[in-house]
Amino acid sequence: MKTQNVLIDGEWRASTGTKTFQAINPKTTQALSESYPVSPWAEVETAINAAAKAAEAVRGWNGSRFADFLEAYADQIEARTSELVTLANLETGLAVQPRLQDVELPRTTNQLRQAAKAARDGSWVEATIDSGSNIRSLLGPIGPVVVFGPNNFPFAFNGISGGDFAAAVAAGNPVIAKGHSSHPGTTRIFAEAAHEAAKATGMPAGFVQLIYRIDHSDGVKLASHPSVGAIGYTGARSAGMVLKEAADKVGKPIYLELSSINPVYFLPGALKEKGAALSEQFATSCLMAVGQFCTNPGLVIALAGPETEAFIKETAERFSAAPVGTLLSEGVQKNLHSGIQTLVKNGAQLLAGGEKGGGTGFCCQNTLLRVTGKQFIHNPESLQTEAFGNESLIVVAANEEELLAVTRCLEGNLTGSLYTATDGSDDPLYDRVASILRQKVGRLLNDKMPTGVAVVPSMNHGGPFPATGHPGFTAVGIPSSIRRFAMLQCYDGVRPHRLPAPLRNANPTGTMWRRIDGQWSQGNVPEASN
């Protein structure tokens with residue numbers, strides 16, 4: 001069996017590693033035919049050195065150069081749509097339509113093109129000019145970025161095609177992609193497309209590189225390497241915290257998306273008004289894609305009462321009746337079942353499911369559990385265990401004060417949703433809950449489920465720990481996501497011809513927004529201020 005090559009320093013080359021792995025089809029539980037290498041440290045370091053050299057080569061380039069690459073790459077991806085969706089389906093079990101072909105692939109190319117637009121416009125660098133003191137600053141590239149992609153979005157969050165990749169490139173940085181073992185073939189096709197786009201647009205050899213897999217100890221060395229500028233990671237909390245510890249020890253910026261159970265509140269008036277409809281909406285959201293979204297509603301909070309009991313009964317029936325989907329991998333199945341067992345061990349009552357199986361391949365039954373508000377308050381850490389998949393826990397609070405106490409116990413999450421009555425009867429309680437919940441979540445929603453993440457500038461796909469490693473940054477939403485991979489660069493009394501173009505007196509694009517002497521402007525620095 002031939003082992004696939006790695007993309008290092010501008011060429012596809014045979015790995016020097018001796019260990020290999022294969023992707024597993026989650027529906028058949030059988031290994032796919034292609035073999036992929038586990039790269040040894042020497043190979044990883046070669047990639048780091050090539051990326052550092054590329055970073056020097058592109059330093060000072062204007063944003064349009066990176067925009068050209070991102071747009072050419074998006075075109076290359078669309079030309080290989082059929083290959084990508086076919087192989088991703090085999091490697092992940094995700095449906096070709098609508099998920100992969102109609103939703104995730106267009107999202108991927110859209111965010112690449114959004115990043116290109118931001119890079120070409122240049123306003124994201126926040127050029128700031130104080131002409132009186134002749135001090136000028138902007139956000140500039142931070143250096144080579146390592147991107148660790150997750151298992152659940154083989155396109156839109158892939159290490160070599162997803163949001164972190166697009167943001168890092170738009171900021172002017174080379175990228176070393178660390179592929180995910182669940183979909184290496186899909187990642188290889190993306191890398192081939194990126195390589196072609198890089199050659200067509202004159203990018204230096206080490207600008208885009210791909211390593212499929214490395215030992216955990218080498219991952220620590222990679223995250224702390226002095227030539228790496230920053231790290232983007234989406235995945236399990238345990239592995240992410242190991243990388244964070246390594247990066248923190250050397251002051252390396254690392255942006256993590258770790259775990260989130262995304263509380264959803266159904267206040268009494270809302271359940272009384274439309275309980276059955278909310279049960280259907282919640283079950284659909286929770287079981288969509290077998291619950292394998294980082295914004296999956298894994299926690300429901302409601303007040304005790306007949307409407308809540310009716311909601312719980314109907315939702316449990318929906319979970320039991322719904323077909324059981326295939327999970328992404330055996331590891332997801334194992335971790336989901338382990339999470340469910342942890343919840344049960346700590347007092348959660350099973351209402352539906354709870355066991356492995358029930359569908360095709362790697363799977364677990366659709367699982368719904370409940371606890372009292374008192375139980376949750378007494379053991380909040382264990383009862384917030386993330387069971388990533390088709391599972392949710394309902395917390396029933398005895399009264400409003402207990403519901404607020406439950407809210408105060410919440411860890412950081414990506415999202416928090418509140419459903420309320422249209423007649424305003426829930427508004428007093430809403431105000432009390434929202435004032436606490438606002439500090440616990442990155443995105444606050446009203447009367448909608450959290451599973452849709454729009455790729456728009458105002459989106460925050462971040463939140464307090466452990467949702468992410470830092471509450472001030474987002475993995476989705478351009479230009480905010482670009483700023484993660486930039487450093488603030490200040491120029492004091494630097495001669496005009498030596499300044500980066502965004503800091504010179506003339507606006508380099510004519511449309512770039514700059515802060516000139518305290519005022520945002522698309523014009524030039526006034527001549528009298530020279």
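These values consider heavy atoms only, across backbone and side chains, with no hydrogens, waters or symmetry-generated copies. What you see is a predicted model, and the numbers here were worked out from it, not measured in a lab.
Side-chain contact between Q114 and V455 is present, with at least one heavy-atom pair separated by less than 4.5 Å.
Counted within 6.0 Å of NZ on K117, heavy atoms from surrounding residues, nucleotides or ligands total 12 or fewer; the atom is thus considered open. Shown here is E330, whose CD atom has no more than 12 heavy atoms of other residues, nucleotides or ligands within 6.0 Å.
At a threshold of 4.0 Å, the pair R113-E78 counts as salt-bridged, since one of the basic side-chain nitrogens sits closer than that to a carboxylate oxygen. In summary, R515 and E126 do not engage in a salt bridge, as defined by a charged side-chain N under 4.0 Å from a carboxylate O. Note on R237 versus E386: no salt bridge recorded, every NZ/NE/NH1/NH2 to OD/OE distance being 4.0 Å or above.
Atom CG of D215 sits about 9.0 Å away from atom CZ of R213, to the nearest 0.5 Å. Note: S33 OG to L90 CG = 9.5 Å, rounded to the nearest 0.5 Å. One finds the CZ atom of F207 at 6.5 Å from the CZ atom of F69 (value rounded to the nearest 0.5 Å). Rounding to the nearest 0.5 Å gives a distance of 7.5 Å between CG of L256 and CE of M241. Here the CG-OG distance, from N152 to S182, works out to 9.5 Å after rounding to the nearest 0.5 Å. Taken from OG in S82 to CD in Q101, the straight-line distance is 7.5 Å, to the nearest 0.5 Å.
Using modelled atom types, one finds a donor on one side chain and an acceptor on the other under 3.5 Å when comparing T187 with N158. Side-chain atoms of N446 and Y430 form a donor-acceptor pair, as typed in the model, at a separation below 3.5 Å. A donor and an acceptor atom, one from each side chain of S285 and T451, are located under 3.5 Å apart. The closest side-chain donor-acceptor pair between S15 and Y212, if any, does not fall under 3.5 angstrom. For the residue pair T360 / T326, no side-chain donor-acceptor distance below 3.5 Å is found, with atom types taken as modelled.
Looking at K440, its side chain never comes within 3.5 Å of a backbone N or O of N413 through a donor-acceptor pair. Counting only distance, with no hydrogens or angles, the side chain of D164 and the backbone of G162 share no donor-acceptor pair below 3.5 Å. With hydrogens and angles disregarded, a donor-acceptor distance shorter than 3.5 Å links the side chain of T109 to the backbone of P106. Between the N366 side chain and the N390 main chain, no donor and acceptor come within less than 3.5 Å of each other. For the pair S329 (side chain) and V332 (backbone), a donor-acceptor distance under 3.5 Å is present. Side-chain atoms of T468 do not come within 3.5 Å of backbone N or O of G462 as any donor-acceptor pair. No donor-acceptor pair under 3.5 Å is formed between the side chain of Q489 and the backbone N or O of L138.
When all heavy atoms of I214 and L222 are compared, the pair lying nearest together is CD1-CD2, 4.0 Å. The heavy-atom pair separating D9 from Q209 by the smallest distance is N-OE1, 2.9 Å. Contact between R107 and F153 at its shortest, heavy atoms only, is NH1-CE2, 4.1 Å. In this structure, A119 and W124 approach most closely via the heavy-atom pair CA-NE1, 4.3 Å.
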- [ ] Tell me, with the steps shown, if R188 and E192 meet salt bridge (charged side-chain N to carboxylate O under 4.0 Å, His left out).
- [x] CA-CA 6 Å; R188 173 182 54 77; E192 290 171 353; 3.0 Å; yes

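Between Y419 and F282, the distance from one ring center to the other does not fall under 6.0 angstrom.
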